[in-house]
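As structure tokens, the structure follows; a few thoughts come after it.
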Amino acid sequence: MGPPGAGKTTVGRIVAHKLGLPVIDVDDNVLETTWKMPVAAKLAAIGGERFLEEEGQALCNFSASGCVVSLTGSNPLHAEAMQHLKQTGLVVYLDVHSEDIIQRLTRMKVNRIVGQEAGVSMKDILQYRKQFYEKWLDVRVLCGTGDTVEEVAEKVLKAVERYQNHAGETYVSTRSDSRGSSNQKTYFSDVVVEGLATDGGLYVPKNGFPKMDAREWLRLADMSYPERALVLLEKCIHPLDVSAVDLREMVFKAYGSNFSSEAVAPVKHLMHNQYVLELFHGPTASFKDLALQLMPQLFAYCLPSMCNYLILVATSGDTGSAVLSGFSRLSSTDRQRTGVLVFFPEEGVSDIQKLQMMSYKEGNARAVSVLSDFDFCQRSIKRMFGESGLTGYLAVEYGTVLSTANSINWARLLPQVVYHSSAYLNLCRDGVITFGEPIDVCIPTGNFGNAMSAVYAKQMGIPIRKVICASNHNRIITDFISTGEYDLRGRPLILSHSPAIDILKSSNLERFIYHVSEGDSRLVKDLFTCLDKQQHFQVPEPLLSRIQQEVQAGWCSEDDCLASIQSVHTQTGYVMDTHTAVAKVVADRLQDDSCPVVLCSTAHYGKFAPAVFKALQIQNIPEDPVEQLKKVGSTASRPEIHRDMMACLEESGRRGHTVCQADYGVLVEEMENMIQDSFLKVV
């Protein structure tokens, strides 16, 4: 299936020949045989509207099996005909660039296309038809500009093979030996719901990420963010886990009018060779929205039908409100089976972050603060997952299963690969680089999920030279990458102006070590078991060398963070949030100016207004967070004040919230109370 001029007939013949199957061309073997006249003559005789109906009816009367069928470009416009075909066939969409199509049709002098008339451009016809191809596809074959029919045919064969080999796209734990003899297969739909592997490890795709070639990437350069996301996620999620049509609906819902920028994740020039990837245009004004507007939809789609699920989340600030926002947008039916409980450090988030979380207090969702730090919250949740007695009791007593929406969940991490890829494509589209030229990315890093997704984007084929990890004064990641030693012994967490990276135990570092050790799950298990028991591990010297080839790291003091905000504002009028400032300081120190560097701006500056006031030396600061946001917004010429964050805070007011002692038993009790309030007891 595909537009006229996509090469369906020729590709169909090549594919049929290689598979040893007969080939049927609908134009020649069905329509002209049925009508006893050329297709062009039929169209000229009866007109486009009646032609589509008679063409569709001819296809409804057609049946075949064990063959390759090349559809006409207009077949997908007839719903009944396509429903008939999909009952017994796999629909492969040849997604060819419209400019390639127009050039081919011009050379062929085609005059038998429905809708081809005076005043209607071929580009308009192709754009109109695209919605129908997207509606009926089972598998997309993304054709690069200049691909030969032989290359397209080879892609079709690989796509069909992938579709038929669901067992080839499974997931393994970072701590389990994937070479073992177990017949248990873990698919995407399993890892989305389970979150954490039963052995305490994190799920990763057994065979890594699919690699895309330069011509495929260049096809994405002219696409919108949702279109890019759809193509990339289709390549990473097997269609038998989530169908292409359903995935499209989720993606376009996730990245639509709920974002304040139509570009979703725009890239803005900052100064010199530095560019800012603005990841704060979602409803809660942080980069977490890029994953958490999609992840809840994937979670609900993959849910088994017989039980309820409680999503447990630890947050250092931004994840909490993003999770609550994402799950609040699910259908009422899905919300009835899904609860969300967020734990956050009472003194470890900004006032505005706290107010954002407090604005979600209806239905099966709540946020609870803990008189401790983020690491205690995260450690407690991991312990709940690991206690079989507790999880068994919840399943039997309440029919409830625990899951997570932190970045330990694969469905949280995967969508983040998209925005790193999209940033590079934006630079290509805008003429800053040509595809193949390298960039560096600098990421404020705490839990390592954002950095890990950049590593995965590189694995897919994005020419990222260095992933630069930027820490604040807690600098656990910087110390580890510099020395190979991960040491929590006697190391206190020190609160900072950049609370989202006030983290000492970095969960996604486990995925990174698995990646650089080339899947050495025994090593990963030994290292992180040692960390759990002794609060310390040291990687071997050869592995440290590989780590340092893949990533760089540096840290930023509180004074340097604020000074950077002030300096950039003075020079450009741009106001960075504190986390972006951490990235800017580290990039200035480590990046050599030989290629562009993209700074990941992970939150809107308004979420950290008091620190921004201090940096810009603004006096007479209002006490009310809403008024703070208005005042700091009036200071910045760019970026603009965040409309959704302001509306959310004005609605939330000064609501109270539950505060828990730093006691694991108290958190378990709070979790059980949440289940009792949310779900009916199983009788």
Side-chain angles (χ1 to χ4, degrees), residues 170-176 182-203 241-242 295-315 319 323-324 326-328 330-343 363-368 370 377-412 507 532 658 660 663-683:
T170 56
Y171 291 75
V172 295
S173 167
T174 50
R175 301 188 189 185
S176 65
S182 173
N183 291 321
Q184 181 68 36
K185 300 288 186 184
T186 305
Y187 297 102
F188 178 83
S189 50
D190 300 317
V191 304
V192 172
V193 174
E194 291 176 24
L196 190 67
T198 54
D199 60 7
L202 307 185
Y203 283 117
D241 285 310
V242 182
M295 182 265 182
Q297 297 183 72
L298 292 168
F299 185 88
Y301 185 91
C302 296
L303 274 183
S305 58
M306 298 305 292
C307 53
N308 301 315
Y309 279 79
L310 179 64
I311 313 299
L312 295 177
V313 177
T315 182
T319 297
V323 169
L324 293 165
F327 276 92
S328 73
L330 293 177
S331 69
S332 57
T333 301
D334 289 330
R335 288 201 305 271
Q336 288 173 6
R337 299 182 52 219
T338 309
V340 181
L341 178 59
V342 175
F343 292 117
N364 299 348
R366 72 177 62 151
V368 172
V370 182
C377 299
Q378 181 164 259
R379 189 166 61 248
S380 298
I381 287 178
K382 276 196 163 187
R383 183 174 168 186
M384 292 179 198
F385 276 93
E387 291 189 356
S388 57
L390 175 62
T391 56
Y393 164 74
L394 297 175
V396 172
E397 185 72 8
Y398 301 108
T400 298
V401 177
L402 300 180
S403 189
T404 180
N406 280 91
S407 58
I408 58 177
N409 189 310
W410 184 251
R412 257 289 307 277
S507 288
D532 289 338
T658 302
C660 290
D663 184 302
Y664 173 72
V666 173
L667 268 62
V668 170
E669 184 178 331
E670 191 66 37
M671 182 258 302
E672 189 169 355
N673 290 338
M674 173 73 181
I675 292 173
Q676 291 172 344
D677 293 344
S678 301
F679 308 125
L680 293 175
K681 260 191 174 183
V682 176
V683 180

Any donor-acceptor N/O pair, [X] side chain to [Y] backbone, under 3.5 Å:
X    : Y    : result
R335 : F327 : no
N308 : G339 : no
S407 : R412 : no

message = Suppose we screen for side-chain contact (heavy atoms from CB on, under 4.5 Å). Which residues come up paired with Q336, at least two apart in sequence or across chains?
response =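 In terms of side-chain contact (heavy atoms from CB on, under 4.5 Å), with neighbours along the sequence ignored, Q336 is linked to no residue.
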Taking all non-hydrogen atoms of both residues into account, name the closest pair between [X] and [Y] and its distance.
X    : Y    : value
A365 : L324 : CB-CD2, 3.6 Å
G195 : S403 : N-OG, 4.1 Å
C302 : V242 : SG-CG2, 4.4 Å
P296 : G326 : CG-C, 3.6 Å

key: Pair Y171-D190, side chain to side chain contact (heavy atoms under 4.5 Å, CB included): steps then yes or no   = CA-CA 9 Å; Y171 291 75; D190 300 317; over 6 Å; no
T186, D199, T198 screened by side-chain hydrogen bond (donor to acceptor under 3.5 Å, both in side chains) with S173, the one that passes =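 Testing S173 for a side-chain hydrogen bond (donor to acceptor under 3.5 Å, both in side chains) against T186, D199, T198 leaves exactly one candidate, D199.
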For the atom pair [atom1] ([X]) and [atom2] ([Y]), what is the distance rounded to the nearest 0.5 Å?
X    : Y    : atom1 : atom2 : result
T338 : N364 : OG1   : CG    : 8.0 Å
L196 : I381 : CG    : CD1   : 11.0 Å
R383 : D532 : CZ    : CG    : 12.0 Å
I408 : Y203 : CD1   : OH    : 11.5 Å
E194 : N409 : CD    : CG    : 10.0 Å
T404 : F299 : OG1   : CZ    : 9.5 Å

Do the non-hydrogen side-chain atoms of [X] and [Y] ever get within less than 4.5 Å of each other?
X    : Y    : result
V368 : M674 : no
M384 : Y664 : yes
V313 : F343 : no
R366 : T658 : no
S189 : Y301 : no
L402 : F385 : yes

Please tabulate, for the side chains in residues 665-672, all donor-acceptor contacts under 3.5 angstrom to protein atoms that are two or more places apart in sequence or on a different chain.
unit_1 : atom_1 : unit_2 : atom_2 : d
E672   : OE2    : Y393   : OH     : 2.7
E672   : OE2    : Y398   : OH     : 2.7

